[in-house]
Amino acid sequence: MSRPYEFEAIERKWQTRWLDGRAFEVTESDPRPKYYCLEMLPYPSGKIHMGHVRNYSIGDAVARFKRMRGFNVLHPIGWDALGLPAENAALKHGAHPEDWTRSNIAHMKSQLQRLGFSYAWEREIATCDPEYYRWNQWFFIQMWKKGLAYRKKAAVNWCPTDRTVLANEQVIDGKCWRCDSEVVQKDLEQWFLRITSYADELLDGLDKLPGWPQTVLTLQRNWIGRSEGAEVEFRLAEGERSIRVFTTRIDTIYGATFVVLAPEHPLSARFAETSPELAAYVEKAKAEEREKRLAEEPGKTGVATGCFAVNPFTGERVPIWVASYVLMEYGTGAVMAVPAHDERDFAFARAHFLPVRVVIQPPDASLESEEMDRPYPDEGTVVDSGPFTGLPSKEALRAMAEYAEEQGFGKRAITYKLRDWGISRQRYWGTPIPMVHCDACGVVPVREEDLPVVLPRDVTITGKGESVLRENEAFINTTCPGCSGPARRETDTMDTFVDSSWYFYRYTDPRCSEMPFRPEVAREWFPIDIYIGGVEHAILHLIYSRFWTKVMRDLELVEVDEPIENQLSQGMVIKDGSAMSKSRGNTVEPEEVAGKYGVDTLRLYVLFEAPPEKEIDWTDARLEGPARFVQRVWRFVQNDLDAISSASPIEGQEEWNEAETALRRKTHQTILKVTRDIEDRFHLNTAIAAIMELINGLYKAIEPRPARSESWKALREATEALLQLLSPFAPHVAEELWEALGHDKPLAERSWPAHDPTIAAEDRLTLVVQVNGKLRGRLSIGADEDDETIKKRALEDENVKRFLEGKEIVRVVVVPKRLVNVVVSG
Ligand SMILES: [Zn+2]
Ligand SMILES: [Zn+2]
């Protein structure tokens with residue numbers, strides 16, 4: 001009778017051993033090459049959800065694999081522990097945000113340990129620890145010294161009923177989440193980090209990140225949104241003032257028939273002084289949310305100022321309008337409107353009966369201004385544009401910008417969509433901004449030796465009124481570091497994205513108390529070799545992290561320009577067609593699945609169901625596959641435990657029969673495939689599929705039961721390889737069976753199996769090559785060549801090539817082990 005598979009006892013046994021034996025702790029003084037494997041740190045919301053399980057199972061498989069491959073693997077975890085939900089929970093349950101957070105961390109930590117992830121727990125950090133956030137404050141002061149942190153007025157969401165600032169998440173359809181009042185925008189003095197100083201470097205750096213997904217690179221490129229163009233001065237028809245416009249299309253300037261100002265533009269307020277209608281419009285537009293304004297149909301709203309500006313190229317007077325579709329923060333807050341060649345200007349012109357004038361003709365048509373039902377925004381030939389007429393629009397861009405520079409009314413300019421990072425939050429549960437307001441000295445940073453500025457514990461969260469910190473006299477009142485007179489502390493706290501912008505450096509030196517981390521220690525580990533997390537962090541978190549690293553480099557704390565070498569955005573886990581969420585009631589609790597099938601089956605499921613980047617559509621029934629697979633492995637080893645473990649090791653002198661040769665070939669082919677799938681491409685699902693095939697091969701090899709001792713040698717080799725290959729994915733069952741086979745050194749400390757290419761090599765196969773179904777050639781291939789290589793070789797074959805000349809290849813089909821068919825047309 002073989003032992004039943006009692007997964008819970010097995011899991012607990014190994015988890016205890018790993019923790020007690022400090023199995024995954026690492027040091028820098030290690031001769032092995034380093035590998036830094038990181039998953040995005042969780043927010044301690046209450047419990048681990050399936051998205052976490054997937055994210056960490058991917059990271060854990062890679063970390064375990066790399067350890068077995070001989071790397072010194074840093075695989076840490078921590079908690080992104082500050083932020084709004086803790087305050088919401090405080091409101092809802094009356095718990096202190098800190099208590100709520102700490103108890104969630106304790107619970108989620110035990111969950112992660114029950115899932116058997118191989119973390120270096122001694123390096124655990126929580127961003128709500130004053131020992132951690134003091135370094136946020138220290139960084140802030142360094143940035144302030146360098147002019148990278150500054151204060152300016154900016155709009156916040158304001159609930160007039162609760163008299164409180166709302167986070168974007170607390171504004172639902174323009175209304176307050178608590179009392180349903182209409183949210184308004186209010187200007188407050190706030191702190192900003194000058195990320196725009198690094199705009200060019202952040203953009204150019206994207207070209208040096210081949211290990212990042214294209215989608216993330218594109219999202220970041222668009223977010224930075226660099227455009228090259230020109231700034232041109234439009235003088236007012238009366239008076240001395242002028243309007244500076246930014247345009248990427250100076251080649252269309254002869255077609256500018258009006259100028260539009262953003263409501264926030266200083267001149268709008270000036271014009272509004274004499275126009276009540278305009279004043280009302282400006283007020284209303286300023287109170288509106290930015291997103292709403294952008295989404296709005298351009299042209300729906302706008303007011304004429306009654307004043308005119310002069311187009312410097314034509315000397316023509318054009319009317320000045322104010323309209324909310326122009327944003328102050330992009331370019332100069334003023335645009336020259338060219339309705340014939342711009343979508344938004346066109347819509348606005350048609351709505352307000354403003355003239356449309358064609359100045360670019362497409363190569364293949366002749367546009368008439370009166371007949372246009374949509375603008376022509378592309379390149380073409382410049383027409384009706386004085387001395388520039390006849391130039392291709394690309395050339396005109398350069399020529400006209402040069403002309404404007406010579407004449408002194410314009411210059412070439414670059415603009416970005418990227419805005420400085422507003423980090424002020426009028427909330428409690430965040431890092432206090434370490435500044436002091438003094439009537440005599442102005443705004444002064446806290447002395448570095450006085451850090452951290454600790455969040456007071458004694459607060460009551462009400463969700464109403466100003467920030468709770470403002471009501472805390474003991475916190476606010478302090479002495480000025482400059483003149484020692486009475487002063488008030490800044491009450492804004494930092495955006496939690498600050499916490500996560502540099503936390504991964506802290507893991508390298510988590511208990512350092514002199515500085516954020518010792519540069520010489522961080523240098524041993526950076527850059528991060530693989531960083532795994534959701535694609536929803538493609539922009540903010542991953543761009544702020546890059547920015548922070550560049551600032552740290554300029555502070556001479558780190559040597560790298562970029563913190564992350566390879567990035568993997570894992571797909572979501574959805575169920576019934578949508579993301580798992582409590583409100584939809586379609587969540588699946590990891591603990592329930594693990595309780596029913598075991599942790600190894602759960603981990604195999606999330607890794608096997610789809611490639612890491614793709615979505616998983618959760619299907620309970622599909623857990624049966626990995627569950628059966630684990631059972632099959634268990635039974636195979638247990639049933640023949642004695643025969644396998646007593647087989648002697650292979651010496652190299654054996655004469656193998658056909659079945660043994662086939663099994664050994666399968667073993668070594670599987671080692672090669674699994675190694676490549678994980679190492680080169682993180683194709684964990686196909687790696688698992690290969691291991692599943694190997695267990696099938698093992699069952700075949702004992703049917704009928706072999707008698708030769710050589711057969712048992714081959715079986716032992718295959719079984720041991722199977723367990724080694726399985727261990728990154730299903731570590732508990734693999735360790736248990738490995739130990740059962742008589743090994744005293746656990747798999748986690750073993751090296752990865754080597755593959756022998758001579759044993760793996762299959763006899764060569766001959767494939768026939770057809771073109772449109774007719775036999776045209778033959779191809780000799782190795783058994784391990786993949787379809788792409790076979791297709792390439794078929795198309796390059798001399799005999800086949802003759803039949804492809806002058807034809808278009810529609811598709812190439814490979815029928816495994818038989819033929820290649822090339823479908824051509826023409
Ligand atoms: Zn409210
Ligand atoms: Zn002072």
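Whatever order the structure lists them in is the order used to number ligands and atoms, beginning at 1. Being a predicted model, the structure only gives us computed values, none of them experimental.
- For the Zn ion (ligand 2), the tally of protein N/O/S atoms lying closer than 2.8 Å stands at 4.
- Closest approach between the Zn ion (ligand 1) and any N/O/S atom of Asp162 involves OD2.
- The side-chain tip of Arg506 does not point at the ring of Tyr132 from less than 6.0 angstrom away and within 45° of straight on.
- Using modelled atom types, one finds a donor on one side chain and an acceptor on the other under 3.5 Å when comparing Gln220 with Arg546.
- In this structure, Asp450 pairs ionically with Arg447, as a charged nitrogen and a carboxylate oxygen lie closer than 4.0 Å.
- The SG atom of Cys176, the Zn ion (ligand 1) and the SG atom of Cys159 define an angle of 110° (nearest 10 degrees).
- Figure legend: Arg151 and Phe192 shown without cation-pi pairing, the cationic atom not lying both under 6.0 angstrom from the six-membered ring centre and within 45 degrees of its axis.
- With hydrogens and angles left out, the side-chain atoms of Asn157 and Gln185 include a donor and acceptor closer than 3.5 Å.
- At distances below 3.5 Å, not a single donor-acceptor pair connects side-chain atoms of Asp499 with backbone N or O atoms of Asp80.
- For Asp180, every N, O or S atom stays at 2.8 Å or more from the Zn ion (ligand 1).
- Across all their heavy atoms, Glu448 and Arg134 have their closest contact at O-NH2, 4.4 Å.
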